[in-house]
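Structure first, then comments.
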Amino acid sequence: MTKPGSGRAATHRKSWWVAVAVRLMGAVIALWLVATLAFVVLQALPGGPAEAALGGPGSQASAEALQAAREQYGLDRPVLVQYGHFLGQLMQGDLGTSYSQKKPVADVMGPLLAPTLTLAVWALLAAWVLALMTAMVATGSSRVAARLASALELVASVLPGFWLAAVLIIVFATQLGWFPPVSTGTARGLVLPVLALAIPLAGYLSQTMREGMLNALASPYALAARTRGESPWGLRVRHALRHGLVPGINLSGWAFGYLISGAVVIETVFARPGLGRALLTAVTGRDVPLVLGVTLASALGYVLVTIAADALVRLVDRRAA
């Protein structure tokens, strides 16, 4: 005999897997579009890819050197053949060869991936902790505390990363001496870069979560819970928090992209190794394969986090299934 609710649970699981499969297909299409756009941009560079491989227009490369570069990198073949070869390499995990370092892009990015992911993950966790604390205060019964928390959300969300990083260095490194001003490879050296990335993101997350919680607190079921004697704290934790978490989780994909892009500035300010500094160096040095590699890696990370966030939302909120 079928248990009550078992059919509904099976349907929910099936819809969950269907949604994940659709997201995966969308991710593949998104990555293909990013790769195609990257290839088009590469072809549209002033002087073409061959001149970029030799250092750009300022290199004053001769016609013979340009022809040699075209033959070396297969740029003398038809564009469609180059495009097919480009996609084939990507499908095999081959991102090409760095123009400046003369070695595979994957080998260049490999040692830099872990520091950037470590920074991004800790910044995301810190942002969530700060956002939860601020949202809980902003939806509390104290009007003064709620207004103060709301003001802090707004200020935090508009702080420029480079300015915030400089202030953190001046206050906590130079004046107080609590943390080193540059990366040291230790936990203490990670604190200031994490805060510089996490604080603005926490402002965005807290504003989104606060709106969801306030809407939940104004709903009929919240009123019914109050009449049953639920405390204000219990009402926020047991009834409103879930509705605040859902929009926050939905923002996680965007948040990951924000953290990766913000790492360009933060890793440079704190002299921290990572993909951000590598991207800045590659752009200034016109190392196109390395730029494309970092861009594609960031896009892949974005779509994977977005898929994970969507799956988590469907587990937290059954209405999203």
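Keep in mind that the numbers below use all heavy atoms, side chains included, and drop hydrogens, waters and symmetry copies.
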To the nearest 0.5 Å, how far apart are [atom1] in [X] and [atom2] in [Y]?
X: Trp32; Y: Leu37; atom1: CH2; atom2: CG; result: 11.0 Å
X: Glu267; Y: Leu112; atom1: CD; atom2: CG; result: 8.0 Å
X: Thr208; Y: Tyr204; atom1: OG1; atom2: OH; result: 10.0 Å
X: Leu197; Y: Leu119; atom1: CG; atom2: CG; result: 5.0 Å

Task: Derivation and outcome, side chain to side chain contact (heavy atoms under 4.5 Å, CB included), residues Leu259 and Thr116 - done: CA-CA 9 Å; Leu259 293 173; Thr116 297; over 6 Å; no
Shared hydrophobic cluster for [X] and [Y] (ILVMFWY, side-chain gaps under 4.5 Å):
X: Val182; Y: Leu192; answer: no
X: Leu195; Y: Leu152; answer: no
X: Leu132; Y: Val129; answer: no

Open item on the list: Evaluate Gln207 against Thr134 for side chain to side chain contact (heavy atoms under 4.5 Å, CB included), listing each step before the verdict.
Closed with: CA-CA 9 Å; Gln207 290 180 57; Thr134 307; over 6 Å; no
Counting only heavy atoms not in [X], do more than 12 fall under 6.0 Å of its [atom1]?
X: Trp128; atom1: CH2; value: yes
X: Leu176; atom1: CG; value: yes
X: Tyr83; atom1: OH; value: yes

Task: Which residues share a side-chain contact (heavy atoms from CB on, under 4.5 Å) with Leu33, sequence neighbours left out - done: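 Checked Leu33 against side-chain contact (heavy atoms from CB on, under 4.5 Å); matches are Ile29.
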Task: Residues Phe270, Ile169; criterion side chain to side chain contact (heavy atoms under 4.5 Å, CB included); working and verdict - done: CA-CA 9 Å; Phe270 289 96; Ile169 291 174; 3.5 Å; yes
TODO: Please report the closest heavy-atom contact between Leu205 and Ala131, naming both atoms and the distance.
DONE: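 It is CB-CB, 3.7 Å.
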